[in-house]
Amino acid sequence: MENEYIGDKMDEMMDFKCINDKMEEIPEIILNKTGLSFPKVHTKAEYMAVLSKELKEYRKDTLCRVPFCNTVEAETLGGNIKLGDFKSGPRVESYAFNSIDELMKIEEINLTQNRINEVLKAVEILNSMGETVVLNVEGPFTIINSLVDLRIFYKAIRKDKEMVNEVLKNMEANIVKYMKEGINRGAKIISYGDPLGAEDIVGPKIYKEFSGKSTYKILKTIENELDESIIHICGKTSTVFQNMGFVESHPIQFKEDITYGHAIEYILENRKDIKFIGHNCIKRTPLKLKNSTLWHIELLEKV
């Protein structure tokens, strides 16, 4: 089915752009069919599982994914999150912390309470139904942005790097703990991204010294926990890592014209040596795989 490492497609890969599309919108027809409503759908594992499966079938996808927002980690760490409605999903209502000193006091993440507990239960439910489950996990800067005004955090980066590194170290440990539990519950794919820590937002210097470095540590730590699962690295992250020499990438080309989701499932079933994939967007799994090429990402000992 595959013909590995043929041709040089690096120029195409490096052109990756994060496209703001409607792939993540929840069609009203799905809500009418299931009888679910907002914000109720964000609150219980059973509702999440039903919606995830219905969305998979509606989009003609092969994968089920949870959660439907990027705020569950922040909420569990003390964030003030408003669940919103059909038009506007969960978002920050107000910042829960006012200083870097307060962020330093955040304790180990508790995965047995709040919505994060329901998300993990939803993973379990979907896995028990035979679904291939994607758990979406946010990176440190995106989580921190939901806890404190980032201007405070950037000020601390300039004035107290040691404290910032301690905060990030705590975030990294909490994210890895969440990933591990997601895998234990049956998530075959961990989709990792840190959009608020992207290089084009924080700048090359902060990215290399803080947000990118933090993401690298998370990925390197989780690498040995991936017996039956893989990490899908956001294409923006994986391509920047490629430019910085943090990773190497290898094209895996498929003979068939298949969807990205089918290609990922093939890797899960047949390539146990692959731990990371990237240079693409997890939202695109229902769509045909561009140039029939999936990218295997290999972490290097660079940081």
Q: Would T142 and D194 count as having a side-chain donor-acceptor pair, cut-off 3.5 Å?
A: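 Yes - a donor-acceptor pair under 3.5 Å links their side chains.
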Q: If I take atom CD1 from residue I190 and atom CD1 from residue I218, how far apart are they, to the nearest 0.5 angstrom?
A: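 I190 CD1 to I218 CD1: 12.5 Å, rounded to 0.5 Å.
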Q: Describe, in one word, how the ring planes of H296 and H250 are oriented to each other, choosing from parallel (under 30°), tilted (30 to 60°) and perpendicular (over 60°).
A: tilted
Q: Set out, in order, the CA-CA distance, both residues' side-chain angles and the distance that settles ring-ring contact (aromatic ring centres under 6.0 Å, His included) for F141 and F153, then state yes or no.
A: CA-CA 9 Å; F141 271 60; F153 195 66; 5.4 Å; yes
Q: Are V66 and V123 close enough that some pair of their side-chain heavy atoms sits under 4.5 Å apart?
A: yes
Q: Would you say the side-chain atoms of S249 and Q242 include a donor-acceptor pair closer than 3.5 Å?
A: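 The criterion, which ignores hydrogens and geometry beyond distance, is satisfied for Q242 and S249.
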Q: Start with the C-alpha distance between H279 and S238, add both sets of side-chain angles, then the distance that settles side-chain hydrogen bond (donor to acceptor under 3.5 Å, both in side chains), and finish with yes or no.
A: CA-CA 6 Å; H279 296 349; S238 62; 2.7 Å; yes
Q: If the threshold is 4.0 Å, N to carboxylate O, is there a salt bridge linking K213 and E209?
A: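 Salt bridge: no.
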Q: Would you mind checking if E228 and K272 are paired as a salt bridge, meaning a charged N to carboxylate O distance below 4.0 Å?
A: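 Salt bridge present between K272 and E228.
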Q: Mind checking whether L294 and Y266 have side chains closer than 4.5 Å, heavy atoms only?
A: no
Q: I'd like to know whether NZ of K169 has more than 12 heavy-atom contacts from other residues, nucleotides or ligands below 6.0 angstrom.
A: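 Not buried by this count: 12 neighbours or fewer within 6.0 Å.
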Q: Less than 4.0 Å between a side-chain N and a carboxylate O, is that true for K177 and E181?
A: no
Q: Would you kindly say whether T132 and E265 are connected by a side-chain donor-acceptor distance under 3.5 Å?
A: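 Yes, a side-chain donor-acceptor pair sits under 3.5 Å.
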Q: Could you tell me whether the side chain of L120 reaches within less than 4.5 Å of the side chain of N184, counting heavy atoms only?
A: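 N184 vs L120: side chains apart.
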Q: Checking side-chain hydrogen bond (donor to acceptor under 3.5 Å, both in side chains) between T285 and each of R59, R65, K56, which is the one that passes?
A: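 Per the side-chain hydrogen bond (donor to acceptor under 3.5 Å, both in side chains) rule, the option paired with T285 is R65, out of R59, R65, K56.
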Q: Are K220 and E223 close enough for a salt bridge, meaning some N to O gap below 4.0 Å?
A: yes
Q: Is there a side-chain contact between I100 and D160, using heavy atoms and a 4.5 Å cut-off?
A: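 No - every pair of side-chain heavy atoms lies 4.5 Å or more apart.
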Q: Is there side-chain contact between F246 and T215, with heavy atoms separated by less than 4.5 Å?
A: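 With C-beta onward as the side chain, the pair stays apart.
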